[in-house]
Each structure stands twice: as C-alpha cells, then as structure tokens.
Amino acid sequence: MAIREPSAPGPRPSAPPAAISAGPLAAELRGVRGVGPKRADALRERGLVTLGDALAHLPRRYLDLRRRDSIDALREGMDAVVAGRLEGLTIRARRYGRFRAASRAWLRDPAGAKLRVVWFNLPSYAEFPTNEPVLLVGRIAVAPEGGLQIVHPEVHRLAAGDAPAIRPIYALPAGVPQRLFGEVVAEALRRAPADRPGAIPAEMRKRENLLEPREALARLHLPPPATDFAALADGATDAHRALALDEMFAFQLALARDRLRSRARTGAALARRDDGAAARFLAALPFRPTSAQSKVILEIDVELAASVQMNRLLLGDVGSGKTLIAFWAALRAAESGWQAAIMAPTELLAEQHFRNFQRQAAGCGGLSALLTAGVAGAERARILRALERGDIPIVFGTHALIQRSVRLARLGLAVIDEQHRFGVFDRARLVALGAQANVLLMTATPIPRSLALTLFRNLDVSMLDEMPPGRAPIATRVLREPATDEAFAAMRAEIAQGHRVYCVAPLIEDEEDGDRASVAALAKNLGRALPGARIGTMHGRMRAADKERVMRDFRDGRLDAIAATTIIEVGIDVPEATLIAVTAAERYGLAQLHQLRGRVGRGGSPGRCFLIASANASGPALARLETLARSSSGADVAHEDLRLRGPGDLLGSRQSGALALSFAAFIRDPAIISHAADLAAEWLAHDPKLELESSAGARLAIRKLVNSGFSLGDIG
Ligand code: ADP
Ligand code: MG
C-alpha cells in the first residue's frame with residue numbers, strides 16, 4: 001500500500017495554516033467530546049492544542065477499504081482489508097489469570113482460504129456477525145502457534161452497506177484512538193467558518209481556480225468516496241495542491257518583503273590581508289582545499305571585503321567540509337579586527353568545532369574561546385568580560401551565546417552551523433549581537449541549487465558540490481522486514497571489532513503501529529539481537545542534557561549502539577560509527593536517508609548502511625530505496641528525490657529542511673514554487689504593505705509562519 005507522509009515525524013510541531021488558526025478554531029482540544037485532561041496533554045506534546053491544530057494535522061496515510069486482499073497474499077505487518085465470512089467463534093469475555101482474554105474465530109474468504117482472527121476484550125456476542133459477508137480491517141501478525149492472524153480487526157457488515165470507502169490514519173500519541181481523533185477533526189470542520197480567507201486573496205484564488213482552504217482540508221480528512229485513491233495516497237490531489245500553494249504563497253510573500261528590508265543594510269567591511277591569519281590557516285592545513293571550497297572562499301571573501309551586509313547560505317553535503325569555510329571566515333574577521341561567533345546546535349558539536357579549531361588554527365593567531373552551558377563560574381565570567389572588551393576575537397558556542405549576559409565588542413561575522421536546527425529567533429538574536437554582522441548560514445540540506453535559489457530569494461547561496469578526495473561511498477543495502485538477519489549479523493560483527501552502530505526508527509512511541517515502528521521497540525529488538533551490547537536510546541522529546549549524555553557515551557565508547565529517531569542526523573562526528581540501519585526506511589525521503597547515512601564511515605573504516613523497509617512497503621517504495629543504494633553523491637540523491645517526489649520531500653521533512661511548513665511536502669512540481677513566487681510578487685505590486693482588507697489572510701499567514709520559526713527570511 002502506498003505510504004506517503006506529509007512530513008517525517010519530528011519534534012517540532014507544525015504550524016496550522018493561517019486560515020484556520022483563529023476564531024472558533026482557536027478553541028482548545030481539551031474539553032472537546034472524548035478529550036479529557038490526559039489525552040489533551042498527550043496531544044499537546046505533539047503540538048496539537050487547538051481545533052485548528054487538529055485540522056492542520058493531516059492523515060499520515062490512508063487505507064483504501066474498497067480494496068480486497070486475498071488471504072494467500074497477506075504478509076506480517078500489513079494493514080489488511082479482507083472480505084469473507086466468520087466461523088468457529090470462541091468468545092472470552094473475561095481475563096483468565098494473567099492471560100489476556102482473547103476471542104477467536106476464522107475468516108473464510110470466497111476462495112476458501114482461512115485466516116485466524118483474534119480480538120481482545122470484546123464487549124458482546126452481538127458484535128459478531130456470523131453467517132453473513134463481512135469485511136475485516138486490521139493488522140496482520142504472526143500467530144503464537146505459527147501462521148498469520150489478523151489482530152483486533154474492525155468488522156464491517158457488507159450486507160448492511162456498512163463498508164466505508166477510505167480511512168484516514170493519523171500519527172497520534174498512544175492513548176488517542178484513531179476514531180476519536182477523526183471525530184475531533186469532524187467537529188473542527190463543523191465549527192470552521194466557511195469563509196475564512198486563505199493566504200491567497202479571494203479574487204486571486206478564484207482566478208487560479210483553487211479550492212478554499214476549509215474545503216481542501218475537509219477533502220483530506222474525510223475523503224469523499226469518489227476520491228482517486230492513488231492521488232490521495234500520493235499527496236497529489238487538488239486539495240493538496242491548494243494547501244501547498246497557499247502556504248508557499250505566504251512564504252514567498254514573507255521572503256519578498258524581507259529582501260526589500262535587508263537591501264539597504266551596511267555590514268562590517270573586513271579588510272583583506274593576503275598574509276593574514278586566514279591565509280596562513282589555509283597554507284598550514286594538512287590537505288588542500290577542494291576546488292569547491294576554494295571557489296566558495298573566494299565568493300565569501302569578496303563579499304566580506306565590501307560594506308554590504310552578507311546574508312549567505314552555504315549548502316554542502318554531509319562531509320563536504322563546511323567547517324573549514326567557517327574557520328577560514330572566522331580568521332578573516334579576526335585578522336581585520338572584528339569578532340566572529342560560531343553557533344552550533346549542540347554542546348557536543350560546539351566542543352568538536354572548538355577543539356578542531358584549536359588544533360588546526362591556534363598557530364595562525366586565532367585566539368578563541370568556547371561558551372556553552374557547561375562553561376561556568378570564574379571561567380565563564382572571564383570569557384564574558386574578554387568578549388565584551390573584544391579581547392577574544394573568535395567564540396564557539398551553543399545557545400549559551402545568545403543569553404542576555406553575552407556582549408560582543410565588534411561582531412563582524414556570525415556563523416550558524418546546522419542552521420535548520422535553530423529557531424528563527426535564535427538566529428536573529430545571534431545576528432543582533434552586532435549591528436553590522438555578516439551572516440553565514442550553513443546546512444547539509446541536500447537541495448539542488450536551482451531550487452535553493454527559488455526558495456530563498458532573500459539569501460545568496462554558495463554550494464560545496466564536491467567531496468574531499470578519498471571518501472569511500474557508504475555501502476548501502478536494502479532489506480525488507482522480516483528478512484533482517486543480515487543487518488543484525490553485520491551489527492554484531494561491527495560491534496565485535498569495537499565499532500559502533502546507529503539504528504533509526506521513525507517514532508518515539510506509538511500509536512497506530514502498535515509500537516512496531518518505535519524507538520522503544522527497536523531498542524528491545526536490538527537487545528535481543530545483540531546480546532551483551534550496550535544500547536542507548538535517544539529521541540527528540542528527551543531533555544537536552546540527557547541527549548548529550550547519550551551522545552557522549554556513544555562517542556566515548558561507553559555505548560555500542562544507539563536506537564534513535566532521526567535526531568542523530570545533526571553534524572556529529574563519531575569516527576568509530578561504521579553502521580547505520582534505518583527501519584521503516586520507505587517513510588523517509590531519499591535526501592534525508594542520505595543525511596542519515598552520512599553519520600557513518602567518517603573514520604578510517606568504511607561505512608555501511610541498511611535501509612530496512614517495512615513488510616508492507618510498496619514496490620515503487622522499494623525501487624526508490626534501491627536508487628539510493630546505487631548513488632552516493634548528495635547532489636545525485638537530491639536530484640533523484642526531486643524527480644521522484646518533487647521538492648516537497650525536501651521542504652517538508654523537518655530534519656533536512658529549514659522550514660516550518662505544514663503542506664509544502666505536497667509540492668511535486670518545482671513550478672509551484674515559482675508560481676507562488678509570481679503570485680506573491682503580483683500581489684505585492686498591488687498591495688505593497690499588505691494593508692487592504694483582502695490581504696487579511698496573507699497578513700495572518702505571515703505572522704503564523706514567523707511565530708512558528710519561519711526559517712531564513714528575517715535573518716539579517
Ligand atoms: P561538513 O560539511 O559535514 O560539516 P566537515 O567540515 O565536518 O563536513 O568535514 C568533514 C571531514 O572532512 C573533516 O574531518 C575535515 O577535516 C575533512 N576535510 C574537509 N575538507 C577537506 C579537504 N579539502 N581535504 C581533505 N579532508 C577534508
Ligand atoms: Mg558540519
């Protein structure tokens with residue numbers, strides 16, 4: 001069955017589109033029928049607080065209940081839809097000792113094949129229609145006595161005309177049933193005013209022949225029976241397109257306005273010195289910069305020397321050597337009497353940069369300091385004083401750099417590494433430490449340059465499109481559940497050699513998958529498969545300090561394996577990590593999988609990657625994974641992703657994308673982005689200050705984007 005996620009699961013909640021975020025939809029979910037305090041809290045954890053949030057939370061996928069699976073074709077893990085008649089019922093209404101009460105039956109399909117059926121805690125015999133055609137909908141599992149069974153299926157009586165057509169399936173926290181959430185959404189739709197504007201003004205919407213936002217949402221939550229299922233599953237209906245275009249319109253409006261604002265800025269002009277610290281740093285490196293690095297250095301050099309403020313995005317594949325650019329630029333600031341601040345999203349990464357810098361550049365006159373939450377007491381006070389006096393030209397750090405107590409005498413350059421990991425306010429605060437600061441944003445988001453240029457019209461873009469020589473590609477294999485022995489055997493072999501292993505699962509704890517795709521379940525599996533191995537777990541909802549501790553233990557060899565969500569993707573370098581396995585791999589975009597596999601093979605030993613598809617992954621999904629197994633360059637992967645899934649995959653996945661966009665994942669055609677940009681330009685020409693009544697929706701949408709951490713636009 002086609003599985004298409006609006007966006008990969010991630011810690012950051014998505015923003016509801018402006019059109020549905022005010023008025024009656026601002027009402028909290030808590031108190032809506034069926035949502036008590038406990039469920040409300042669980043939903044809040046996922047960023048689902050109001051009815052509007054619920055409306056913006058589109059189904060993760062859909063189940064086509066018009067489909068019929070034949071019993072012979074069932075496989076473990078499948079969500080099956082099987083028709084037949086129930087026979088051989090045994091009912092257990094109570095628990096027996098410690099065994100869970102189970103009612104059992106057989107389903108016989110028209111071809112005569114039989115399937116074991118199991119229910120837990122079935123309320124009454126009346127629920128069991130015997131002697132009439134029924135439809136069962138449920139997950140296929142291996143029965144304790146061998147063979148397959150369908151577990152706790154829904155039963156629909158076909159004779160009664162009680163067969164639904166398309167079932168939305170949501171990503172929900174444990175304890176919030178699908179059906180209940182469906183009712184909440186239906187309630188939200190009932191309360192949503194039909195005439196709330198989208199970001200695109202009504203007259204333009206009409207001309208462009210776009211669905212109203214409320215109608216589009218209704219069609220995605222409660223797909224009408226006539227819906228083209230393939231298009232729906234693939235995120236390619238008119239409703240998807242209308243929502244994506246609306247959101248991209250708001251995004252482009254925000255960028256366009258920002259560009260106008262930032263054009264007039266003057267930035268620190270960093271005088272160039274050919275015999276300065278930056279030049280000496282390059283000369284002293286144990287390797288030669290790649291020609292891509294040299295080209296980017298030149299681009300930045302010219303811009304830093306001028307008195308226009310630099311606002312540059314540096315794109316470069318994992319391992320392409322972005323850090324070197326940052327070090328060079330920092331020295332370039334220092335040698336001309338300015339300060340540079342380099343901010344990284346984790347302590348570990350900030351420390352790693354600081355240490356590498358000390359090793360590679362200390363001899364070049366690059367006096368530097370490290371400022372993280374871990375630096376305290378007298379040391380901290382000393383650093384703060386020196387920064388304020390301008391005695392320390394280069395400072396590395398985390399969020400600690402943007403605390404109130406930090407002042408810089410002359411900030412000429414702000415570098416933000418893994419910039420997509422920061423909220424917009426964090427970035428703005430760092431930049432605000434110096435009125436004339438030049439800004440360099442760095443990210444490994446593997447996004448083709450042409451797309452980056454369309455998207456981020458407010459920034460200049462540099463690209464490291466070449467890897468340092470001698471990198472072996474990560475050997476990548478595609479497996480499919482349950483045939484995963486090869487991956488586990490490889491893990492055991494790596495760990496036996498003192499190497500380390502990452503294992504990635506898409507969810508923290510869940511929900512509709514009955515735990516199968518969760519980090520917790522994965523850790524349990526690993527425990528069984530890797531006897532004696534020390535296994536840690538890590539996910540986005542852990543406290544930052546706990547995450548750092550796990551990463552540190554892993555780096556220093558106190559853990560052999562980590563079961564984690566995709567949060568391990570961020571720039572950390574553990575040379576002993578040689579293998580990464582990604583479960584439910586079909587749920588990710590190729591670009592993101594490529595990022596993940598970049599975590600391994602960074603030391604002397606070659607890296608390996610296992611992409612483990614779910615049992616029910618579709619043929620095309622497997623083929624897509626095979627493409628990744630065959631290609632090793634980020635640029636190839638990004639182009640392939642663009643071709644197969646459109647830019648939405650790059651925009652929509654939180655880990656790889658920089659944008660807090662809810663619906664951009666549905667953009668299949670890059671032309672939608674330029675179209676949105678054209679519409680935005682047209683509208684700005686008509687209403688430059690967005691002050692007309694018909695711009696109300698646009699104003700709301702922009703505000704919403706900014707509040708939710710709108711990416712690069714208002715930097716600078
Ligand atoms: P990323 O772009 O992912 O931040 P890094 O800057 O961490 O990549 O670089 C990855 C590794 O490549 C580092 O160990 C770095 O020292 C090395 N490296 C960078 N540039 C070169 C080069 N020109 N030649 C050889 N090795 C390089
Ligand atoms: Mg890096």
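None of the values given here were measured: they were computed from a predicted structure. All ligand and atom numbering here is 1-based and tracks the order in the structure.
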- request: Could I get the full list of side-chain contact (heavy atoms from CB on, under 4.5 Å) partners for Thr537, not counting sequence neighbours?
  value: Val519, Ala523, Ala563

Test item: Phe354 and Glu351 side chains (from C-beta on) under 4.5 Å apart, heavy atoms: no

query: So with a 6.0 Å cut-off around CZ of Arg273, is the heavy-atom count from everything else above 12?
result: yes

query: Judging by distance only, is a nitrogen or oxygen of Phe287 under 3.5 angstrom from one on ligand 1?
result: no

task: Would you mind running through ligand 1 and noting each atom that sits below 4.0 Å from a heavy atom of Thr290?
output: 23 (N)

- request: If the plane angle is over 60° it's perpendicular, under 30° parallel, otherwise tilted; pick one for Phe357 and Phe396.
  value: tilted

message: Any atom of ligand 1 sitting under 4.0 Å from a heavy atom of Ser320?
response: yes

message: For the 3.5 Å polar cut-off, considering only N or O atoms, please tell me whether Gly319 and ligand 1 meet it.
response: yes

- request: Could you tell me which atoms of ligand 1, counted from 1 in the order shown, lie closer than 4.0 angstrom to a heavy atom of Arg288?
  value: 22 (C), 23 (N), 24 (N)

query: Would you call Met442 a ligand 1 contact, heavy-atom distance under 4.0 Å?
result: no

- request: Examine ligand 1 and decide if any of its atoms is less than 4.0 Å from a heavy atom belonging to Asp317.
  value: yes

task: Show which atoms of ligand 1 fall inside a sub-4.0 Å distance from at least one heavy-atom site of Gln293.
output: 19 (C), 20 (N), 22 (C), 23 (N)

task: Tell me, please, which residues at least two apart from Thr290 pass side-chain hydrogen bond (donor to acceptor under 3.5 Å, both in side chains).
output: Gln293

query: Got Leu285 and Gln360 here, is their nearest side-chain heavy-atom distance under 4.5 Å?
result: yes

statement: Near Pro289 (heavy-atom distance under 4.0 Å), the atoms of ligand 1 are 23 (N)

- request: Considering non-hydrogen atoms only, spot the tightest contact between Leu559 and Gly536 and give its length.
  value: CD2-N, 3.8 Å

task: List every atom of ligand 1 that sits less than 4.0 Å from any heavy atom of Thr323, numbering the atoms from 1 in the order shown and giving each element.
output: 4 (O), 5 (P), 6 (O), 7 (O)

